[in-house]
Amino acid sequence: MPSLAWCDKVYQEPAEFINEVFAGAPPKAAMLPIIGERRKVAAEILDHRPSSLRTRYWKVGNRSAWVLEEIGKTKPITAGIVVENGQIDDIRVLIYRESHGGEVRHSFFTQQFTGAALDQEKRLTETIDGISGATLSVYAMRKLAALALYFDREVKENEEK
Amino acid sequence: MKRSNSRLKASYHWHRRIGVWLCLPIVLVAITGVLLNHSEFFSFDSRLVSTSAILDWYGMEPKSEPIVLRAETNWATSLDGSLYVNGKHIAQQVPLLTGFVDFGSTLVVSSDSHAYLIEKDSLLLIEKLGSESLPSGQIISSSGDESGIHIDTTSGQYRAEKDLVSFVQEERAPLPAAQRSVLNEREYQSVLVDWRGRGLSMTRVLRDIHTGRFFGSIGVFIVDLAGIALLLLAGTGLYNVWKLK
């Protein structure tokens with residue numbers, strides 16, 4: 001695998017994740033610009049400026065898939081998130097780069113996100129329990145889930161216009 | 001009675017002495033301990049130390065020579081895995097550069113596993129492309145011309161429009177390897193200052209002060225003494241209170 005000089009733990013390649021989500025027939029990727037008001041809201045969710053000006057997504061019907069990154073303690077966590085009908089259907093850690101806190105990849109943690117939606121304050125509607133020793137990774141995953149839900153909502157609103 | 005009084009006197013005496021002799025390390029350990037307990041609240045993990053003296057103390061120097069590619073008047077460099085374009089930090093964990101293209105309003109940098117699309121004026125990252133967005137295989141080389149951006153990977157040759165939305169396979173000769181360059185002194189210093197500032201978090205420094213490691217092995221010894229001193233202070237303090245009753 002390329003560029004694994006660090007302690008990258010690749011649990012699933014992002015390309016494989018997208019392929020799996022859409023049963024081997026992923027749609028063509030679309031782009032969502034992260035500019036203007038959307039950028040402000042994304043910054044509120046992330047607690048910092050978004051790192052890029054656009055994000056890619058894959059969508060069929062009411063089901064969208066996102067590959068997003070957020071810094072845990074000091075290194076980015078790459079997560080794959082599936083949103084269906086405005087709720088989290090699946091969330092996975094695809095690549096974990098920190099030396100500690102990798103418990104967030106386990107299903108006992110990620111299952112908590114299933115069914116979570118976004119409330120008026122752009123917070124998750126489900127309570128996500130933390131993991132001792134993985135606080136920052138848990139926080140990163142929460143932010144990514146909220147961000148994917150927000151982006152999914154934005155895509156839907158764009159389609160309805 | 002006399003013996004008991006002299007013991008009490010001795011206890012007071014040592015309680016005072018220990019408190020005075022070791023008050024500085026005890027105070028340092030206490031303050032850093034409280035701060036570390038609330039490191040999340042103060043965001044110490046993401047706050048980076050930029051003071052040259054402290055960075056010098058830690059010996060923050062890159063382990064390898066920077067990899068440099070140039071495109072027109074622009075330069076991209078990977079310094080111990082940190083990607084900089086025209087001196088601005090773009091991304092981390094980019095140990096290798098395979099191509100750098102100037103497309104007028106956008107710049108494209110490729111490593112062996114990712115491509116970075118950057119807005120030239122602002123040097124803001126437009127998008128970081130990973131395996132979900134790129135052709136399969138490791139990127140060997142990339143270049144650009146009027147037809148778009150060309151990428152050679154271990155699985156074949158591909159082309160995309162300059163916005164890198166999607167790739168199509170193409171038949172052509174393999175691209176030459178990217179030509180490496182070197183940084184001039186001004187360029188090197190500009191990235192070095194930033195690189196050093198990204199390497200040391202406040203949490204790390206506080207923890208090192210708290211454990212004494214910041215001051216080397218003598219610091220560790222003194223903090224151990226401070227720990228023992230606190231036990232003795234607690235012991236003599238309790239004894240003094242008990243004896244006064």
Side-chain angles (χ1 to χ4, degrees), chain A residues 1-8 10 12-22 26-35 39 47-58 65-76 78 80 94-95 97-98 100-101 130 135-140, chain B residues 39-41 43-48 63-64 78 80-81 83 89-98 106 110-114 116-119 122-140 153-155 160 163-167 198-204:
Chain A
M1 299 297 288
S3 294
L4 291 181
W6 326 98
C7 36
D8 288 16
V10 181
Q12 186 176 30
E13 277 291 339
E16 281 171 26
F17 167 72
I18 296 298
N19 219 30
E20 185 189 319
V21 168
F22 295 101
K28 197 173 168 184
M31 295 295 164
L32 182 70
I34 310 174
I35 52 175
R39 193 166 179 79
D47 231 355
H48 61 77
R49 266 187 337 197
S51 58
S52 64
L53 294 175
R54 76 182 191 198
T55 187
R56 205 166 284 234
Y57 66 96
W58 295 259
W66 307 80
V67 176
L68 302 173
E69 271 188 5
E70 175 61 4
I71 304 279
K73 190 171 178 182
T74 57
K75 299 206 170 69
T78 304
L94 302 178
I95 306 173
R97 299 174 179 87
E98 303 276 10
H100 297 97
T135 310
L136 294 173
S137 295
V138 167
Y139 185 37
Chain B
S39 58
E40 249 182 78
F41 176 78
S43 304
F44 283 145
D45 281 321
S46 51
R47 279 206 204 172
L48 302 170
K63 292 184 183 64
S64 55
S78 164
D80 266 12
L83 172 65
H89 183 260
I90 301 295
Q92 48 179 309
Q93 302 202 284
V94 186
L96 184 65
L97 300 183
T98 56
T106 52
S110 63
S111 69
D112 55 349
S113 59
H114 291 82
Y116 300 85
L117 189 63
I118 299 155
E119 201 176 67
S122 61
L123 295 177
L124 287 174
L125 180 70
I126 298 171
E127 192 185 2
K128 172 186 169 184
L129 284 78
S131 70
E132 74 289 349
S133 313
L134 291 167
S136 60
Q138 229 171 314
I139 300 173
I140 301 167
T153 76
T154 48
S155 71
D163 56 4
L164 295 187
V165 172
S166 60
F167 287 83
R198 285 176 189 279
L200 200 58
S201 67
M202 285 289 298
T203 302
R204 166 80 191 271

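Scope of the values below: all heavy atoms of this structure, side chains included, with no hydrogens, waters or symmetry mates. Order of the sequence lines sets the chain letters (A, B, ...), proteins ahead of strands, with each chain counted from 1.
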Exercise. Determine yes or no for a side-chain-to-main-chain donor-acceptor pair under 3.5 angstrom, with A:Glu98 supplying the side chain and A:Lys75 the backbone.
Key: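 Between the backbone of A:Lys75 and the side chain of A:Glu98 there is a qualifying donor-acceptor contact (under 3.5 Å).
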Quiz item: Hey, is the main chain of B:Leu97 close enough, under 3.5 Å, to the side chain of B:Ser111 for a donor-acceptor pair?
Solution: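 Answer holds: no.
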Quiz item: Measuring heavy-atom distances to chain A, does B:Leu134 have an atom under 4.5 Å in its side chain, in its backbone, in both, or in neither?
Solution: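 Interface part for B:Leu134: neither.
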Quiz prompt | Contacting region of B:Leu117 [heavy-atom separation from chain A under 4.5 Å] | solution =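 Contact with chain A involves the side chain of B:Leu117 alone.
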Quiz item: Do B:Glu127 and A:Arg56 meet the salt-bridge criterion of a basic N to acidic O distance under 4.0 Å?
Solution: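 Salt bridge flag = yes for B:Glu127 with A:Arg56.
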Exercise. Would you mind telling me which of A:Leu53, A:Thr135, A:Ile18, A:Val67 has the largest number of heavy-atom pairs within less than 4.5 Å of chain B?
Key: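 Looking at each of A:Leu53, A:Thr135, A:Ile18, A:Val67 in turn, A:Leu53 comes out on top.
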Self-check item: Top contributor to chain A contacts, counting heavy-atom pairs under 4.5 Å, from B:Ser133, B:Gly130, B:Ser166, B:Ala91
Solution: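 Greatest number of close heavy-atom pairs with chain A: B:Ser133.
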Quiz item: Among B:Leu129, B:Ile118, B:Val165, which has the most heavy-atom pairs under 4.5 Å with chain A?
Solution: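 Heavy-atom pairs under 4.5 Å are most numerous for B:Val165.
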Quiz prompt | Engaged part of A:Leu136 at the chain B interface, taking heavy atoms whose separation is under 4.5 Å | solution =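 It is the side chain, since no backbone atom gets that close.
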Exercise. Below 4.5 Å from any heavy atom of chain B, which atoms of A:Ile71 appear? Answer side chain, backbone, both or neither.
Key: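 Side chain only.
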Quiz item: B:Glu119 and A:Arg54: salt bridge (charged side-chain N to carboxylate O under 4.0 Å, His left out), yes or no, with the steps?
Solution: CA-CA 11 Å; B:Glu119 201 176 67; A:Arg54 76 182 191 198; over 6 Å; no
Exercise. Applying side chain to side chain donor-acceptor pair (under 3.5 Å), name anything that partners A:Glu16, two or more places apart in sequence or on another chain.
Key: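 In terms of side chain to side chain donor-acceptor pair (under 3.5 Å), with neighbours along the sequence ignored, A:Glu16 is linked to no residue.
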Quiz item: Would A:Arg97 and A:Thr78 satisfy side chain to side chain donor-acceptor pair (under 3.5 Å), going step by step from the backbone distance to the final call?
Solution: CA-CA 9 Å; A:Arg97 299 174 179 87; A:Thr78 304; 3.0 Å; yes
